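These notes are about the structure you will find just below.
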Amino acid sequence: MKALLLSEYKHLALTDMPEPEIGPEEVLIRVKACGICGSDVHGYDGSTGRRIPPIVMGHEAAGTIAEVGRNVKDLVEGDRVTFDSTVFCGHCFFCRRGQANLCDHREVLGVSCDDYRRGGAFAEYVAVPRRICYRLPPELPFSHAAMIEAIGVAVHAVSLTPIQINDTAVVMGAGMIGLLTLQAAKLAGCGRVISVDVDDTRLEAARKLGATHTVNAKALDTPEHVKALTEGRGADVAIECVGATATIQNSIASVRKGGTVTLVGNITPNIELPLQSVVARQIRVQGSCASSGEYPACIDLLSRGAIRVEPMISATAPLDKGPEWFERLYRGEPNLMKVVLEP
Ligand SMILES: [Zn+2]
Ligand SMILES: [Zn+2]
């Protein structure tokens with residue numbers, strides 16, 4: 001089969017590789033669409049240590065069943081599916097209490113690090129355990145279905161955030177996860193959703209997708225602006241989708257006393273925390289990792305158009321154009337959001 005192999009850092013090439021073999025509990029998927037994730041772009045040059053070559057990346061995908069393992073009885077060839085990026089074991093302490101995202105033996109498709117190497121979906125075929133697959137409705141395009149993994153991240157973060165009807169939420173960052181999170185926050189009952197970014201094009205997209213207010217953090221003092229919109233109190237919750245000191249500090253300063261800040265962005269290992277502001281104002285700061293059990297809801301939300309992804313898809317391209325698109329994303333070409341490869 002053809003696969004996009006990262007043979008060394010910053011070098012991707014369409015390569016002939018053996019088709020993956022499947023175990024009794026696994027299925028072979030004919031990949032129809034696979035999104036390029038920010039983490040793939042960051043892994044491409046070795047800076048994250050999570051894409052050690054050689055590796056076929058890709059974990060935001062959808063396709064059809066090509067073959068099923070001996071013990072798989074409820075899927076057949078041709079079924080349209082998507083799958084979680086997290087391969088969980090199903091029997092550790094965390095899996096058994098319904099937190100597959102925290103599995104002790106967690107592996108992520110298309111990742112190779114010091115602990116494991118697992119081939120991903122920038123390929124004609126990928127093998128995955130049956131237990132991470134979900135059936136897709138017939139009318140949902142594969143390129144949209146490839147975004148379900150990211151929708152899961154947003155829906156999980158919002159589910160962890162205590163939101164009451166008509167609350168005000170700040171969503172820090174209007175990249176793909178931020179744009180999905182603001183839609184999920186509205187669905188969860190937020191009356192006002194304030195999207196914050198430094199890029200006006202992204203803020204424009206945020207408004208189109210339902211943000212009631214937008215703040216360009218380069219032009220305005222975010223916490224002051226949020227307070228002005230909330231009778232001087234601050235927002236009830238903030239969901240942080242960037243992961244840097246400045247944006248986390250702004251999130252903390254933008255919530256009211258007793259508010260919650262949910263951290264999703266994860267680009268820096270350490271940040272500087274304004275401890276006294278968190279403690280004295282009794283702020284809850286919590287992390288949110290991947291998703292856990294939200295896939296069926298995400299598939300339904302996307303199929304019904306309650307969550308929209310098409311404004312975020314900048315391009316779809318065949319697999320052999322992958323190296324070019326990786327380069328363009330890596331160079332940080334403006335106005336590029338999600339690029340979906342179609343093997
Ligand atoms: Zn991803
Ligand atoms: Zn487990």
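Quick caveat: nothing in here was measured; it's all calculated off a predicted structure. One-based numbering, in listed order, for ligands and for the atoms of each. These numbers come from the heavy atoms of this one structure, side chains and all, not from hydrogens, waters or symmetry mates.
- The nearest N, O or S atom of His105 is not closer to the Zn ion (ligand 2) than 2.8 Å.
- Among the backbone and side-chain atoms of His91, no N/O/S atom is found under 2.8 Å from the Zn ion (ligand 2).
- Side-chain polar atoms of Thr262 and Gln286 form a donor-acceptor pair below 3.5 angstrom.
- Salt bridge annotation for Asp320-Lys2: absent, with no cationic side-chain nitrogen under 4.0 angstrom from a carboxylate oxygen.
- For the residue pair Asn216 / Asp197, no side-chain donor-acceptor distance below 3.5 Å is found, with atom types taken as modelled.
- Nearest N/O/S atom of His59 with respect to the Zn ion (ligand 1) is recorded as NE2.
- With respect to Glu107 and Arg118, a salt bridge is recorded, a charged nitrogen being found less than 4.0 Å from a carboxylate O.
- Between the SG atom of Cys89 and the SG atom of Cys92, the angle centred on the Zn ion (ligand 2) amounts to 110° when rounded to 10°.
- Judged purely by distance below 3.5 Å, without hydrogens or angles, the side chains of Thr168 and Thr230 never pair a donor atom with an acceptor atom.
- Seen from the Zn ion (ligand 2), atom SG on Cys103 and atom SG on Cys95 lie at an angle near 100° (rounded to 10 degrees).
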